[in-house]
Structures are given as C-alpha cells and as structure tokens.
Amino acid sequence: MPVSVTRTTITTTTTSSSTVVGSPRALTQPLGLLRLLQLISTCVAFSLVASVAAWTGPMGNWAMFTWCFCFAVTLVILIVELGGLQARFPLSWRNFPITYACYAALFCLSSSIIYPTTYVQFMAHGRTRDHAIAATTFSCVACLAYATEVAWTRARPGEITGYMATVPGLLKVFETFVACIIFAFISEPFLYQQKPALEWCVAVYAICFILAAVTILLNLGDCTNMLPIPFPTFLSGLALLSVLLYATAIVLWPLYQFDQRYHGYPRRGSDASCAYTHPHSVCFWDRRLAVAILTGINLLAYVSDLVYSTRLVFVKV
C-alpha cells in the first residue's frame with residue numbers, strides 16, 4: 001500500500017500509478033553502488049567457503065544458504081533496476097526492495113555471528129580456516145551494506161512510500177525473523193510437549209508469526225484493500241493481540257522451563273544434555289534460555305509496533 005508519511009500521519013492510496021521506473025544508469029547512483037557492494041561481498045563470501053568446502057552441519061548450511069540467497073535476490077533487483085522492469089515485477093516495488101534488504105541484513109548478521117562462533121573457531125589452523133575467516137569478514141560487510149540500504153530507503157516525513165518502509169513495517173520483518181529463530185530453538189518437541197502451558201507458548205509464537213507474515217505478504221502483493229476491515233484497524237488490532245499473547249508467553253515459558261515446582265531446570269548443570277557438548281549443537285537448557293530471551297525481545301518489538309501503529313493516522317486519497 002503506497003503511503004505518504006508526514007510526521008505521524010500516513011496517507012494511503014489504493015493505486016500504484018506512482019511506481020518509479022528505473023534506468024540503466026541505476027548502477028551509477030549511490031544506492032546502485034551499494035547494491036553492487038552487496039552483490040560482490042555475498043558472492044565472495046560463499047565462493048571462499050565453497051572453494052574449500054568449509055561448511056557442514058546446520059550452522060554451516062545456514063551460512064551458505066544466506067550468502068547464496070542474498071546474492072541471487074540482489075542480482076534480481078539489479079537486473080530489474082537496470083532494465084526498468086519495476087512495473088512488470090510481480091510484487092510491489094515500493095515494498096519489496098526494503099523488505100528484502102531488512103531480511104538480508106538480519107540474515108547476514110546471524111551468519112556473521114553463528115558461523116564463526118559455532119564452526120570457524122573449532123577448525124584447525126590452515127588454508128580452510130583462513131578462507132572461513134575471510135568469508136565471515138565479507139559477510140559482515142554485506143550486513144552493513146544491507147543495513148545501510150534500509151537506513152537510506154526507510155520512510156521519511158513528506159515522502160510517498162510503501163508501508164514496509166515505515167517503522168511498523170520494518171518491525172514486522174524483525175518480528176518474523178525473531179520468531180523463526182525461536183522455531184529453530186524449539187525444533188525438539190521434547191522442550192514443550194506434555195505441558196499445556198508450554199504448548200500454548202508455541203501456539204503464541206506460531207499465531208503471531210503467521211499474522212505478521214500475512215501483513216507483509218498483503219503489502220508485497222498490494223492486497224491490503226482486500227481486507228474486510230480498514231488496514232489501519234487491522235494493524236492496530238494485530239499489534240495489540242500480539243502484545244497480549246506474547247505477554248502470556250513471557251510469563252509461562254520461563255516459569256515452566258526454569259522453576260522446579262513445575263519440573264523445570266533452574267541451573268544449567270541440572271540439565272544432563274549440557275554435560276555432553278558438541279560444537280555444532282546447542283543443549284536443551286541453552287535452548288530454553290535463548291527462547292526466553294527472544295520472547296522478551298519480540299515482546300518489546302510488538303510493544304513498539306503497537307505504539308507506532310496507534311500514533312499513525314491513515315487518510316485515504
């Protein structure tokens with residue numbers, strides 16, 4: 001949905017007639033040069049790792065996927081910009097580039113942290129390790145480049161832009177990303193099965209993730225006018241519901257995971273799975289703690305989302 005941001009007012013339109021058409025000179029602009037940096041850094045990162053086969057296990061696979069995926073999508077964006085094909089692109093060009101840039105920044109950030117801490121540090125000194133360290137460096141460069149694009153293209157007062165370029169839109173991306181990390185940590189059903197309170201927490205994570213993802217998809221597809229209720233009302237209701245649901249999860253998850261009265265594990269040493277460490281795995285107690293922290297982070301994100309959503313004024317034109 002195209003929006004015009006003026007202080008706390010967002011003016012929305014239901015047409016996409018103001019789509020900006022690119023030109024072959026896009027590469028000479030600052031944003032084009034920045035995307036070239038993204039393309040080169042991700043390409044070098046996965047090339048360095050692939051040349052010495054320095055990736056195994058889920059952590060290495062995630063890092064390799066991140067760099068390949070970001071390289072491929074950035075290449076598509078550059079081709080669209082060079083060919084002036086924005087009008088023929090199947091998704092809203094007002095919303096897609098910044099949505100992708102935000103996800104790419106988070107993806108590269110996670111790879112820049114996970115890959116060296118769970119993989120590189122356990123490698124023997126030599127050519128393979130040197131390649132892995134260099135790949136991590138280029139991953140950090142890519143992360144900074146994508147974050148810079150988000151900072152450059154986010155909504156500012158007086159601009160006509162897409163919803164995803166606003167603070168609530170960017171928060172939706174962050175919320176879904178954090179939820180995906182939570183899902184990765186609770187991939188072992190043992191962590192929550194047989195305890196209705198913990199199963200409720202998993203349901204909260206899934207429900208809020210789906211609702212935020214639907215919001216993103218509606219904007220990417222320019223389908224917000226298909227909602228049975230006004231889009232601003234949908235956003236405010238969604239943010240309020242998510243805050244209430246996450247408020248229950250932030251209480252129940254730590255209570256049933258770490259309180260002995262509910263058969264929890266108050267200390268890391270009390271969890272037998274943490275006695276046998278593996279460089280590419282995370283023990284159950286660490287998973288429980290990570291989910292508790294991420295739940296708090298996402299609750300803060302949803303509270304911020306609610307505050308920004310209620311302060312925005314949408315006016316159809």
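All residue numbers refer to positions in the sequence shown, counting from 1.
A pairwise comparison of heavy atoms in S139 and W67 identifies OG-NE1, 3.0 Å as the closest pair. For S187 against R287, the heavy-atom pair with the smallest separation is OG-NH1, 3.4 Å.
Under the salt bridge (charged side-chain N to carboxylate O under 4.0 Å, His left out) criterion, R261 pairs with D259, sequence neighbours left out. The side-chain contact (heavy atoms from CB on, under 4.5 Å) search around S242 returns C208, L238, Y302, not counting sequence neighbours.
Think of I113 as one node in a network of Ile, Leu, Val, Met, Phe, Trp and Tyr side chains linked at under 4.5 Å; its network also takes in L109.
Side-chain N/O atoms of T215 and Y163 include no donor and acceptor closer than 3.5 Å. Between the side chains of Y146 and Y100, at least one donor N or O sits under 3.5 Å from an acceptor N or O. Side-chain N/O atoms of T248 and W200 include a donor and acceptor closer than 3.5 Å.
A donor-acceptor pair is defined here as one N or O able to donate and one able to accept, closer than 3.5 Å; such a pair exists between the side chain of Q121 and the backbone of T117. Judged purely by atom type and a 3.5 angstrom limit, D222 has no side-chain atom pairing as donor or acceptor with the backbone of S92.
The number of heavy atoms from other shown groups lying within 6.0 Å of CZ (F138) does not exceed 12.
Ring geometry for W93 versus F96: interplanar angle of 30 to 60°, hence tilted. Ring pair F107/F177 is tilted by interplanar angle, where 30° to 60° counts as tilted.
Distance check, rounded to the nearest 0.5 Å: OG1 of T66 to CZ of F46 gives 12.5 Å.
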